[in-house]
Amino acid sequence: MEADIDAAERAVTTGIREAGVELQRAWRGQITGAGLGERLARTIRLNVYPRAGQSIGATALVFSRASELVDAFDRGVTIRSKHGFYLAIPTAAAGAKGAGGKRITPGGWERRTRIRLRFVYRRNRPSLLVADDACITGRGRAAAKGGRRRKDGMLSGAQTVPIFILVPQVKLRKRLDLDRAANAAQARLPALILARWREA
């Protein structure tokens with residue numbers, strides 16, 4: 001009987017782990033296949049319990065360290081500003097990231113560049129936050145234009161560069177189907193356990 005219990009514990013624990021690995025791979029594959037990038041895919045993690053040893057009550061937890069973002073693409077959600085105004089979407093001229101590698105914001109961009117942003121309302125089109133008296137650097141980012149002003153007050157070669165596009169909300173299209181992969185892994189679990197039991 002002890003031998004049978006040991007075999008059952010090994011079979012269940014190994015089967016649970018294999019099902020968890022399959023699900024982790026499937027979720028990561030969905031994320032990269034949807035074009036959401038390797039970085040987001042690597043947030044999908046797997047924990048198997050117990051951490052050490054075997055148990056007939058073994059469990060596997062597959063989860064994301066960026067659960068809110070993954071869930072948004074799994075369900076397809078509408079994102080609105082927390083304060084009821086606009087969502088500020090950075091253009092290429094704003095740069096990829098803000099200070100400390102964090103998400104770039106209009107206030108953070110102004111502090112980093114020391115350039116004031118100007119609001120431009122556009123009827124029936126997204127409004128803008130633009131930088132006046134700016135130029136585009138070789139890296140494609142906006143920066144303050146140097147030089148002297150002409151008699152009319154204009155800086156020679158200066159541009160008005162759109163830095164943020166302002167929209168009231170953004171609808172994320174459903175790009176993942178995590179439940180389908182989870183259900184497939186769950187359906188395979190009895191066969192995985194049985195295969196390992198027969199090997200014991």
What I'd like to find out is whether the side chain of Val48 reaches to under 4.5 Å of the side chain of Thr59, using heavy atoms alone.
no
Within a reach of under 6.0 Å around CZ of Arg25, are more than 12 heavy atoms found that belong to other residues, nucleotides or ligands?
no
Identify the two heavy atoms, one from Glu110 and one from Ile115, that lie closest to each other, and give their separation to 0.1 Å.
CG-O, 3.2 Å
For Ser64, which of Asp71, Thr43, Asp74 qualifies under side-chain hydrogen bond (donor to acceptor under 3.5 Å, both in side chains)?
Thr43
Side-chain (Thr32) to main-chain (Gly29) donor-acceptor, under 3.5 angstrom:
yes
Within the distance-only criterion (no hydrogens, no angle test), does the side chain of Thr78 pair as donor or acceptor with the backbone N or O of Lys171 below 3.5 angstrom?
no
Does any N or O in the side chain of Arg45 come within less than 3.5 Å of the main-chain N or O of Arg42, such that one atom is a donor and the other an acceptor?
yes
Is there a side-chain contact between Leu36 and Leu69 in this structure, where contact means two heavy atoms from C-beta onward sitting under 4.5 Å apart?
no
Quick check: does any side chain N or O of Gln24 sit under 3.5 Å from a backbone N or O of Val62, one acting as donor and the other as acceptor?
no
Working to the nearest 0.5 Å, report the span between CD1 of Ile193 and CD1 of Ile16.
5.0 Å
Please report the closest heavy-atom contact between Ala94 and Ile104, naming both atoms and the distance.
O-CD1, 3.2 Å
Identify the two heavy atoms, one from Val12 and one from Ile56, that lie closest to each other, and give their separation to 0.1 Å.
CG1-O, 3.4 Å
Shared hydrophobic cluster, Leu176 / Leu40 (ILVMFWY, side-chain heavy atoms < 4.5 Å):
yes
Is Arg141 close to Thr113 at the side-chain level, that is, under 4.5 Å between some pair of heavy atoms?
no
Please verify the inter-ring angle class for Phe164 with Trp109; under 30° counts as parallel, over 60° as perpendicular, anything in between as tilted.
perpendicular
Residue pair Gln54 / Asp6, side-chain heavy-atom distance below 4.5 Å
no
Within the supplied structure, the quantity of interest is the number of heavy atoms (other residues, nucleotides, ligands) at a distance under 6.0 Å from Gln169 CD; does it exceed 12?
yes
Distance-minimising heavy-atom pair for Thr160 and Arg118
CG2-NH2, 3.8 Å
Keeping the roles fixed (side chain from Ser55, backbone from Pro50), state whether a donor-acceptor pair exists under 3.5 Å.
no
Got Tyr86 and Leu129 here, is their nearest side-chain heavy-atom distance under 4.5 Å?
no
Could you pull out the closest heavy-atom pair between Ile31 and Ala41, with the gap in Å?
CG2-N, 3.7 Å
Are more than 12 heavy atoms from other residues, nucleotides or ligands located less than 6.0 Å from atom CZ of Arg122?
yes
I'd like to know if the side chain of Arg196 and the backbone of Thr14 have a donor-acceptor N/O pair within less than 3.5 Å.
no
Of all heavy-atom pairs linking Ala93 and Val161, the shortest is CB-CG1, 3.7 Å
